[in-house]
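Just so it is clear: chains get the letters A, B, ... in the order the sequence lines come, proteins before strands, and each one is counted from 1.
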There are 2 protein chains.
Amino acid sequence: MAKRAISKAGRGAESTRAAILNAAFMEFYHNGFQGGSLNKIVESAGTTKGALFHHFPNGKQELGYAVVDEIIGPILQQRWLESLVGSKDPITDLKRAFRQYVKEDIESGNYVQGCPLNNMAQEMSPLDEGFRKRIDKLYCLWRKTYADAFAAGVKAGKVKKSVEPASVAALIVASQMGIWGTGKSSRSLELMTQAGEAVCSYLDSLRP
Amino acid sequence: MAKRAISKAGRGAESTRAAILNAAFMEFYHNGFQGGSLNKIVESAGTTKGALFHHFPNGKQELGYAVVDEIIGPILQQRWLESLVGSKDPITDLKRAFRQYVKEDIESGNYVQGCPLNNMAQEMSPLDEGFRKRIDKLYCLWRKTYADAFAAGVKAGKVKKSVEPASVAALIVASQMGIWGTGKSSRSLELMTQAGEAVCSYLDSLRP
DNA sequence: TTGACAACATACCGACTGGTCTGTATTGTA
DNA sequence: TACAATACAGACCAGTCGGTATGTTGTCAA
């Protein structure tokens with residue numbers, strides 16, 4: 001059998017797909033899924049509807065699913081999960097991550113757009129079961145990674161034994177959703193850092 | 001000068017406005033502001049575009065603003081603020097409110113649609129400054145009410161003196177946004193109650 | 001009784017939406 | 001070299017959108 005990925009008519013089949021995917025992510029990130037326009041997407045990707053419906057035959061929905069799976073998922077992985085897997089001291093690592101990313105998103109101005117995953121979740125979860133399942137899968141992974149880290153922290157004596165890893169993980173993830181959501185409507189870096197620091201002091205209260 | 005509110009041609013001027021407003025709230029609550037359709041709104045309100053643009057000359061935007069100010073604001077007031085103003089023991093009162101409303105929203109099924117204010121905030125804050133300001137005003141009031149209650153709790157000896165009321169308030173409100181957001185994509189009552197209980201145990205850690 | 005005006009209803013508009021269809025150039029394969 | 005398949009481009013489509021213009025009806029002050 002021939003290698004599919006290399007076959008390319010026109011020029012750069014896989015790169016065209018990637019361009020559409022990235023443009024779609026940006027469009028949906030800024031205007032929402034329902035508000036996002038396929039015309040704008042193909043325009044900013046430098047291609048046409050023909051290409052879009054060639055790579056995503058089921059149109060907008062399939063494109064949205066692909067954005068969640070292939071763009072947002074990996075972002076979550078690298079941003080919040082990678083630094084936690086295998087951690088023996090989740091409190092220290094989480095505090096560092098919180099402070100770093102709050103600072104980063106404020107400086108880049110990205111905080112006004114919020115968290116891409118949360119945006120999709122709030123808008124599309126109630127409207128489309130396919131979206132909901134994909135999004136839920138990511139949030140489950142997110143919570144599980146945190147919970148595993150807390151369980152490891154308990155074993156390593158860095159977290160007090162009375163904490164329920166799953167409960168704490170659920171609260172931390174929820175807090176993150178809320179803090180980044182707060183930034184969107186308040187546009188206040190003080191408020192985001194304030195809430196972030198409150199999480200940090202909560203985390204400190206979980207020390208043995 | 002004549003009383004304006006009583007003058008009514010057709011039948012029930014003010015009640016027509018209210019019907020449109022309520023229909024708009026439901027439509028936006030279920031489909032988002034951008035996804036919500038004016039045609040659907042007037043249909044389910046049992047009226048027409050003429051009436052809508054008579055009462056809201058600036059169209060969809062003005063209608064959206066009115067939904068935030070006249071529907072969502074009062075809901076927030078009655079649901080989360082009324083029980084906290086003048087409270088001397090915010091920890092007890094907040095825990096009760098959390099448990100009550102988690103239970104209530106699960107039983108009614110409303111939890112799949114999330115918090116109306118948060119929905120609007122996530123979708124519209126980055127896109128429209130008028131929305132953002134109105135929404136921010138409500139969140140500020142929300143946090144301030146909590147912060148005042150915590151300050152009173154400190155004075156009354158029901159909350160330990162080391163807590164920063166403003167920080168704790170910011171975190172609690174953010175957590176609420178996150179918990180109700182979690183419910184939307186997970187559809188898991190266990191997860192919502194679990195996160196809710198984690199908040200309760202966090203609140204307990206703020207006792208003197 | 002008679003305007004004047006509020007309170008609608010209805011028909012209609014251009015813009016834009018997601019989506020399809022057909023044509024065409026490029027490519028690997030036989 | 002012939003052929004089929006891939007990878008697009010661009011025209012086109014029906015439907016829906018928010019919004020407007022005009023018409024009609026009920027109410028009230030004069």
Between D:dG18 atom P and B:Phe28 atom CZ, what is the distance in whole Å? 8 Å
Would you check if A:Tyr29 and A:Val67 make a side-chain contact, meaning some heavy-atom pair closer than 4.5 Å? no
Output all residues satisfying side-chain contact (heavy atoms from CB on, under 4.5 Å) with A:Arg96, sequence neighbours left out; order by chain, then residue number. A:Asp93
When the distance from CG of B:Asn31 to P of D:dG18 is rounded to whole Å, what number comes out? 11 Å
Partner residues of A:Ala166 under the side-chain contact (heavy atoms from CB on, under 4.5 Å) criterion, sequence neighbours left out: B:Gln194
Between CG on residue B:Leu171 and CD on residue B:Glu164, distance to nearest 0.5 Å: 13.0 Å
Would you say D:dC8 has OP1 or OP2 under 4.0 Å from some side-chain N or O of A:Thr16? yes
Please report the distance, rounded to the nearest Å, between CD1 in B:Ile20 and C1' in C:dA9. 12 Å
What is the distance from NE2 of B:His54 to C1' of D:dT20, rounded to the nearest Å? 15 Å
Listed once per pair and sorted, the ring-ring contact (aromatic ring centres under 6.0 Å, His included) pairs that draw on residues 173-194 of chain A, sequence neighbours left out: A:Trp80-A:Trp180
Given atom NE2 of A:His55 and atom C1' of D:dA9, what is their separation to the nearest angstrom? 12 Å
Could you tell me which residues satisfy side-chain contact (heavy atoms from CB on, under 4.5 Å) with B:Ser37, sequence neighbours excluded, listed by chain and number? B:Glu27, B:Asn39, B:Lys40
Between D:dC8 and A:Thr47, is there an OP1 or OP2 to side-chain N/O distance shorter than 4.0 Å? no
List the residues meeting salt bridge (charged side-chain N to carboxylate O under 4.0 Å, His left out) with B:Asp89, not counting sequence neighbours, and say none if there are none. B:Arg207
Restricting to ring-ring contact (aromatic ring centres under 6.0 Å, His included), what partner residues turn up for B:Phe53, sequence neighbours left out? none
Where at least one partner belongs to residues 66-76 of chain B, residue pairs that pass salt bridge (charged side-chain N to carboxylate O under 4.0 Å, His left out), sequence neighbours excluded: B:Arg17-B:Glu70, B:Asp69-B:Arg134
Within residues 123-134 of chain B, which residues have any heavy atom lying less than 4.0 Å from an atom of DNA chain D? none
Taking only the side-chain heavy atoms of B:Thr48 (C-beta and beyond), determine which of C:dA9, C:dC8, D:dC8 contains the nearest atom. C:dA9
Could you tell me the separation between the CG atom of B:Leu52 and the C1' atom of D:dC17, rounded to a whole number of Å? 14 Å
Under-3.5 Å N/O pairs linking protein and nucleotides 16-21 of chain C:
unit_1 : atom_1 : unit_2  : atom_2 : d
C:dT17 : OP1    : A:Ser37 : OG     : 3.3
C:dT17 : OP2    : A:Asn39 : ND2    : 2.9
C:dG18 : OP1    : A:Gly36 : O      : 2.9
C:dG18 : OP1    : A:Lys60 : NZ     : 2.9
C:dG18 : OP2    : A:Leu38 : N      : 2.9
C:dG19 : OP2    : A:Lys60 : N      : 2.9
C:dG19 : N7     : A:Lys49 : NZ     : 3.1
C:dG19 : O6     : A:Lys49 : NZ     : 2.7

